[in-house]
Number of protein chains: 2
Amino acid sequence: MEGMRKEDVVMEQGHQHHQHSIERELECVSQVPIFQGLADDQMTSVAQVTRPIHADKGDAVFSTGEVSRTLYIVNTGQVRLYHLAEDGREQILRVLNPGDFIGEIALFTDEIHTSYAQATKTTELCTISRAALTDLITALPTLSMALLGALADRLKTAERQATLLAIPDALPRLAGYLLQISGHRAQLLELPMSKQDLAAYLGMTPESMSRKLRQLSKQGAIETVGRRQVRITNVDQLAEFAPE
Amino acid sequence: MEGMRKEDVVMEQGHQHHQHSIERELECVSQVPIFQGLADDQMTSVAQVTRPIHADKGDAVFSTGEVSRTLYIVNTGQVRLYHLAEDGREQILRVLNPGDFIGEIALFTDEIHTSYAQATKTTELCTISRAALTDLITALPTLSMALLGALADRLKTAERQATLLAIPDALPRLAGYLLQISGHRAQLLELPMSKQDLAAYLGMTPESMSRKLRQLSKQGAIETVGRRQVRITNVDQLAEFAPE
DNA sequence: CGCCAAGTTGATCGGTATCAAGTACGGTGG
DNA sequence: CCACCGTACTTGATACCGATCAACTTGGCG
């Protein structure tokens, strides 16, 4: 991760601004999956329109009501996206891990953000303005393809999520979710969010979540480890409870 | 990483159709929103790699298990996408109306279709192979942008759908859905699918759907008109039942 | 006009939300 | 390193909503 050869590229670009190096920007860009596959000089031109952002744990990256004209890409750390219901309950939309991005809708319309984005730990992001990104897209077909691929992937996830949520019973919803994030493999896995957030994400209450997890572990399909981990001990058993 | 070079598959495939007129293909292409904004000659090159497909009411466009290497765009008619649960119940994923497309995931991986696509009426589609489309994307930035926009839009819909489905009570789910497809406007609107399909789409039974619709109309928020239409008579009233 | 699928209505049952207490994990400070 | 504390999580009891099964009605297509 550290040993990137980027110094020579930085030099070539030095004339634009003064010697304010774009090293930090390049580091961000080079880490991000959608920019993999770009040549060094292409990466540099991306880095030039990138602006890094830092957010400490608990900080808001953006809030509801703000106008969205920027693409945010998580470099390190984690960001959670959520809605705030009028009763104060938070509905988790998605958790962004390194490489994930948000704001793609901003590319096409002056949309108002309908959710909050909050760092759950110390987080580094890079941002790209709409204008800069549209320029990049037209100039770099490789980037277009990468973006399309990432969007298609998220779409698939969202549609699978919707299919899960349409199931009326909580047990298959949970089982299906666990199977999905484990890749149908018996393993110890870290939950991407707290159990109460996960409960909301899966359309149930924390109480139901707890009961269903217990039920699954009594059946020998899983074990809960601490507060944030679940070990899948028997995939077939788990699949019994899942849909299809 | 190595730079990607585009192979000239477009020309090779286009060659085969060169003999007869591409009038039919052009008609399809010119109707489709994602191809709007292309110059005439660009549209022609798109048309050359397009293959029209006809499906009568009830016909399958593709089925679960088939390998997906094609983008399908609906020209006229309607296609419904659904999963088949083991108990035989159909879970509607999405309904494709003219201009909508499916198969974008096929562009990036040899994915197996996980759903069925069935025409609900006489339908004309155009199809584009993966190779041809990737070439088009690299050649036509306008098309890239249009595709990205369409995907971002679908993503937004899917995520909103997931948010709706996470609500445990049926009434706000239905109210939220109606508000959404009506654009928060009082108007007569055509349901995009049958009520029983809509019920599955919203994660409830046809019986519940019927009862909740009745409840909303007793409150004066809506009126049901025939089997496929709903008139929104009081948006504020409807919003009372919707989340947020 | 007649038929059949789609939709409605009713009665019952089960599952989950809710409310209310209790428990334990994991971070903080001593 | 350990004791402490707050919050996340768990457990229990009850009520309510929606799924289910069954019977009926209606719209709309041939």
Side-chain angles (χ1 to χ4, degrees), chain A residues 56-58 80 82 85 87-92 120-122 164-175 177 190-218 222-231 241 243, chain B residues 56-58 80 82 85 87-92 95 118 120-122 164-177 190-218 222-230 241 243:
Chain A
D56 285 320
K57 178 173 180 173
R80 55 180 220 137
Y82 61 96
D87 61 2
R89 277 184 26 176
E90 294 178 353
Q91 165 65 31
I92 293 289
T120 60
K121 45 180 106 166
T122 303
L164 264 188
L165 285 169
I167 300 166
D169 291 306
L171 190 58
R173 275 207 306 273
L174 176 57
Y177 174 79
E190 175 99 9
L191 298 177
M193 52 186 123
S194 71
K195 282 180 186 168
Q196 59 181 3
D197 280 353
L198 184 56
Y201 183 73
L202 293 176
M204 62 183 87
T205 58
E207 292 94 328
S208 281
M209 166 114 243
S210 177
R211 286 186 244 269
K212 295 310 163 190
L213 279 175
R214 166 159 293 271
Q215 188 175 342
L216 287 176
S217 56
K218 273 191 178 166
I222 65 165
E223 281 169 21
T224 59
V225 182
R227 283 194 171 169
R228 276 259 181 157
Q229 292 180 322
V230 171
R231 184 191 310 284
F241 301 106
Chain B
D56 284 323
K57 178 173 179 172
R80 53 179 220 137
Y82 61 96
D87 62 0
R89 277 184 27 175
E90 295 177 352
Q91 165 63 32
I92 293 289
V95 171
Q118 178 192 45
T120 61
K121 45 180 106 166
T122 302
L164 264 188
L165 285 169
I167 300 166
D169 291 306
L171 189 59
R173 275 208 308 273
L174 176 57
Y177 174 80
E190 176 97 9
L191 298 178
M193 50 186 125
S194 71
K195 281 180 187 168
Q196 59 182 2
D197 280 354
L198 184 56
Y201 181 73
L202 292 177
M204 63 182 92
T205 57
E207 293 94 327
S208 280
M209 165 116 245
S210 176
R211 285 185 243 269
K212 296 309 165 188
L213 279 174
R214 167 158 293 272
Q215 187 174 343
L216 287 175
S217 57
K218 274 190 177 168
I222 65 166
E223 281 168 20
T224 59
V225 182
R227 284 196 170 168
R228 275 257 182 160
Q229 293 181 320
V230 172
F241 300 106

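Residue numbers start from 1 in every chain, and the chains themselves are labelled A, B, ... in the order their sequence lines are given, proteins ahead of strands.
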Donor-acceptor contacts under 3.5 Å from residues 191-200 of chain A side chains, at least two apart:
unit_1	atom_1	unit_2	atom_2	d
A/Ser194	OG	A/Asp197	N	3.2
A/Asp197	OD1	A/Arg80	NH1	3.3
A/Asp197	OD2	A/Arg80	NH1	2.4

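Picking from D/dA19, C/dA17, C/dT16 the nucleotide with the shortest atom distance to the side chain of B/Met204 gives D/dA19.
Look at CZ on A/Arg173: it is 12 Å from C1' on C/dA17, rounded to the nearest Å. Rounded to whole angstrom, the span from the CD atom of A/Gln215 across to the P atom of D/dT10 amounts to 14 Å. C/dA24 atom C1' lies 17 Å from atom CD of A/Gln229, rounded to whole Å. Straight-line distance from the CG atom of A/Leu191 to the C1' atom of D/dA8: 13 Å, rounded to whole Å. Residue A/Lys212 contributes atom NZ, which lies 14 Å from atom C1' of D/dT10 at whole-angstrom precision. In this structure, A/Leu171 atom CG and D/dA19 atom P are separated by 17 Å, rounded to whole Å. If you take CD of B/Gln91 and P of D/dA19, they are 12 Å apart, rounded to a whole angstrom. In this structure, CG of A/Leu202 is placed 17 Å from C1' of C/dG15, rounded to the nearest angstrom.
Side-chain atoms of B/Ser208 do not come within 3.5 Å of backbone N or O of B/Thr205 as any donor-acceptor pair. Remark: the backbone N or O of A/Ile222 is not paired with any side-chain donor or acceptor of A/Arg231 at under 3.5 angstrom.
Among the protein residues, B/Lys57 comes within range of no part of the nucleic acid, since none of its heavy atoms lies under 4.0 Å from any strand.
With sequence neighbours left out, A/Phe241 forms a ring pair (Phe, Tyr, Trp, His ring centres under 6.0 Å) with no residue at all. A/Pro243 pairs by the side chain to side chain contact (heavy atoms under 4.5 Å, CB included) definition with A/Leu164, A/Ile167, A/Pro172, not counting sequence neighbours. A/Glu223 meets the side chain to side chain donor-acceptor pair (under 3.5 Å) test with no other residue; sequence neighbours excluded.
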Anything under 3.5 Å between a protein N or O and an N or O of nucleotides 3-9 of chain C, put it in a table, one pair a line.
unit_1	atom_1	unit_2	atom_2	d
C/dA6	O4'	B/Arg227	NH1	3.3
C/dA6	N3	B/Arg227	NH2	3.2
C/dG7	OP1	B/Lys195	N	2.9
C/dG7	OP2	B/Gln196	N	3.1
C/dT8	OP1	B/Lys195	NZ	3.3
C/dT8	OP2	B/Ser210	OG	3.2
C/dT8	O5'	B/Ser210	OG	3.1
C/dT9	OP1	B/Arg214	NE	3.3
C/dT9	OP1	B/Arg214	NH2	2.6
C/dT9	OP2	B/Arg214	NE	2.5
C/dT9	OP2	B/Arg214	NH2	3.4

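Taking OH of B/Tyr82 as the reference point, atom CD of B/Gln118 lies at 4.5 Å (rounded to 0.5 Å).
Nearest heavy-atom pair across A/Tyr201 and A/Leu165 is O-CD2, 3.7 Å. Across all non-hydrogen atoms, the minimal contact from B/Lys57 to B/Thr120 is CG-O, 3.4 Å.
Each end of the helix from C/dC1-D/dG30 to C/dG30-D/dC1 gets its own axis, taken as the rotation carrying the C1' atoms of four end pairs onto the next four within a five-pair window, and the two axes meet at 60° to the nearest 10 degrees.
Projected onto DNA chain C by closest heavy-atom contact, A/Gly226 and A/Ala170 fall at different nucleotides, the more 5' of which corresponds to A/Ala170.
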